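We name chains A, B, ... by the order of the sequence lines, and we start the count at 1 in each one. Just so we're clear, the structure is a prediction, and the values are computed from it rather than from any experiment.
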There are 2 protein chains.
Amino acid sequence: MASKATSIDIAYRAGVSQSTVSRALRNSPLVNLETRQRIQAIAKELNYKVDKNASNLRMQNSHTLALLICEDPTNDESMINPFFLSMLGSITRATARQGYDLLVSFQQLSTDWHADYEDSNKADGIILLGYGDYMDYAHKLDKLIEKNTHFVIWGAEHNNKAVLSIGCDNHQGGFVATEHLLGLGHKHIAFLGDSSSRSPEFRDRYLGHVDALQSTGIEADTQLQHDAINTEASGYHAANVLLDSGVTFDAIFTASDLIAIGAIRALKKRGVLVPEQVAVVGYDDIPVASFANPALTTIKQDTQFAGEILVESVLKLIRGQEVSQRLIKTHLVVRSSCGANVEDN
Amino acid sequence: MASKATSIDIAYRAGVSQSTVSRALRNSPLVNLETRQRIQAIAKELNYKVDKNASNLRMQNSHTLALLICEDPTNDESMINPFFLSMLGSITRATARQGYDLLVSFQQLSTDWHADYEDSNKADGIILLGYGDYMDYAHKLDKLIEKNTHFVIWGAEHNNKAVLSIGCDNHQGGFVATEHLLGLGHKHIAFLGDSSSRSPEFRDRYLGHVDALQSTGIEADTQLQHDAINTEASGYHAANVLLDSGVTFDAIFTASDLIAIGAIRALKKRGVLVPEQVAVVGYDDIPVASFANPALTTIKQDTQFAGEILVESVLKLIRGQEVSQRLIKTHLVVRSSCGANVEDN
DNA sequence: CTGAAAGCGCTTACAG
DNA sequence: CTGAAAGCGCTTACAG
């Protein structure tokens, strides 16, 4: 088969100059309408597509966004955080809708991603999706800023004000979850999830939890908080630690659904009934949540909307427009793990 | 901040020509080792990255793969087939391991994707992931072939021999699933899923099912087969149709986990006990499968391995190497929905 | 409205 | 081992 058609081939066939072809294909009003249409027809016939490399090189942009998904290094290779997967879906769609392409890459937090895509002119902007330990890559973000890269990070507000972050209101989510459990009559609510500043999102959920307790006059009991990272195994382990501690509790709010599912497994194994003896509320509303047994009451983050906002924001950054921090409201999804009287599917 | 460094900047600092810089950065042995190292050091210091657009334009390749995920148009926008998501994860990793970038795009089967990425020189090859109705895009594949595009499709063997497909052995999967149910003493096994050639993967699972029945002297009863596409809702509906038909059955094998989950919901709603009265086996082993209630016995496709093979295959195609059709073995994951005596987590 | 020309930043034959 | 030069396929200021 013949090699790809170029604008010169079209120019030859149309009997005009290559410049005119280029203009016509970009639908420039400078070109006579009739000529334009003729050229476009030929292009279509030849199945011509503008060479993006040449075009990008010349225009100095790529009409491409890069999505870097930074995983917990502790996470099993084969198991991507389902919440990210969902975000990926919505980001892909939103990017396409804006006429951009999306380069996707999974990164270990440890690797040297700080300067790759935008530097090599493959992407005009970067979206960072990462749950784990933000401290670890603070200096990498600094590097991005220093280099004037256009990027948005998903998650908690960053202490470096130059970093644009878009995320769900974790504090509100934590507050609502705990408020719900309190409303159901629970008094001793444990929290499973890292509460340190190393996991700002989990920490904010924890702080919301603490505030909800305080708003009804209950002081958070540190014995009821146990660290866990975002895996089922970690939730299983943390619940066992909690159980072993002998401290009384009648409910658990976990920093993620995966943790909740692990915790429920631990509770069941010890013969603790969920929700009769211990109510559980998770966070994320991953697909598995509604199929857990009992079905998980959880805090839903609207990934569809979040993806759109994320894409829209990088694009604004790229265009030099004003963008601001943004907190997306979460909402409670009541199923049966909390003991509220709801019929599951 | 200053604009991006180019090879000329480096040449200037190093006191050599730009050509030498280019060679040195590609680690050409033609360049004196010492000079090479000096240049590389300067490049590092300036945080220089080769401009991919320029490089690709010159080299006429992109070191990029495109992944087109073609969704069932019937599928809800927000809900991506979890199996694809899993494939996406493994393909992303495999691509990165090979030093390629991955462009991801979700496509409606209806849209005009046939000529995009490779034509515009954005990708060297394409991986097609699509469950739905292959007939619909047969002519698009023809177009790809005609244009000499490097691509692999995931799924059933294609009747057009020029199409390279990599997929799991659906016939074997269907056979093993049904064999398992037969082994548990079930005699009237229904099949939920499209059995027409419009869904070659589902059809092959069905044929495996039929063959397993025949191998024990049972003739497949067409009254026990009901069409369903790959959604929970469709499975719910198909199970109801089956139930309404009044035909006796003691087990269901479904063409996908999503269908199985919908079917179980329908059975439960009618007061049919799973697995006591009706055993169920699904297909795919999506993450939700182990959390379904009862936990789903299913046929697992090794997405990790499949992703690697897929990437490896396009790459071979690109390099002009020999590649052949490939069927990946599936295996049975026994949980409790089939009634086998297994303890779930 | 159209064309000739420059140039985006590389890679690589060609000549030394 | 190194440099000068061509050229990948576009876009766009400049001149008409």
Any side-chain hydrogen bond (donor to acceptor under 3.5 Å, both in side chains) involving residues 305-315 of chain B? Give me the pairs, sequence neighbours left out, ordered by first then second residue.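 Only B:R97-B:E308 qualify under side-chain hydrogen bond (donor to acceptor under 3.5 Å, both in side chains).
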Pairing residues for A:S22 by the side chain to side chain donor-acceptor pair (under 3.5 Å) criterion, not counting sequence neighbours: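 A:S22 satisfies side chain to side chain donor-acceptor pair (under 3.5 Å) with no residue once adjacent residues are dropped.
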So, using side chain to side chain donor-acceptor pair (under 3.5 Å) as the criterion, who are the partners of B:R23 when residues are at least two apart?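 If we apply the side chain to side chain donor-acceptor pair (under 3.5 Å) test to B:R23, skipping adjacent residues, there are no hits.
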Nearest-angstrom distance from the residue atom [atom1] of [X] to [atom2] of [N]:
{"X": "B:Y12", "N": "C:dG9", "atom1": "OH", "atom2": "P", "answer": "18 Å"}
{"X": "A:N61", "N": "D:dC10", "atom1": "CG", "atom2": "P", "answer": "16 Å"}
{"X": "B:K52", "N": "D:dG9", "atom1": "NZ", "atom2": "P", "answer": "19 Å"}
{"X": "A:L25", "N": "D:dG9", "atom1": "CG", "atom2": "C1'", "answer": "12 Å"}

Is there a donor-acceptor pair under 3.5 Å between the side chain of B:T149 and the backbone N or O of B:F151?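 Not at all, since once roles are kept as given, no pair shorter than 3.5 Å links the two residues.
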Set of side-chain contact (heavy atoms from CB on, under 4.5 Å) partners for [X], sequence neighbours left out:
{"X": "B:E45", "result": "B:R13"}
{"X": "B:Q321", "result": "B:K316, B:R319"}
{"X": "B:S62", "result": "B:N56, B:T64, B:D124"}
{"X": "A:A43", "result": "A:I10, A:L25, A:Y48"}

In the 5'-to-3' direction, what one-character label does each nucleotide of nucleotides 1-8 of chain D receive under the scheme B = base within less than 4.0 Å of a protein heavy atom, S = sugar-phosphate only, - = no such atom? BBBBBBBB
Counting the atoms with a prime plus P, OP1 and OP2 as sugar-phosphate, which does A:S22 contact under 4.0 Å by heavy atoms, base, sugar-phosphate, or nothing?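 Contact class for A:S22: base.
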What integer number of Å spans the C1' atoms of C:dG16 and C:dT12?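 16 Å, rounded to whole Å.
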Can you give the dot-bracket line for DNA chain D, using ( ) for pairs inside the strand, [ ] for pairs that cross earlier ones, | for pairs with another strand and . for unpaired bases, where Watson-Crick and G-U count if both distances are under 3.5 Å? |||.||||||||.|||
Check whether any side-chain N or O of B:R26 sits under 4.0 Å from OP1 or OP2 of C:dC10, and answer yes or no.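 No, no such contact exists.
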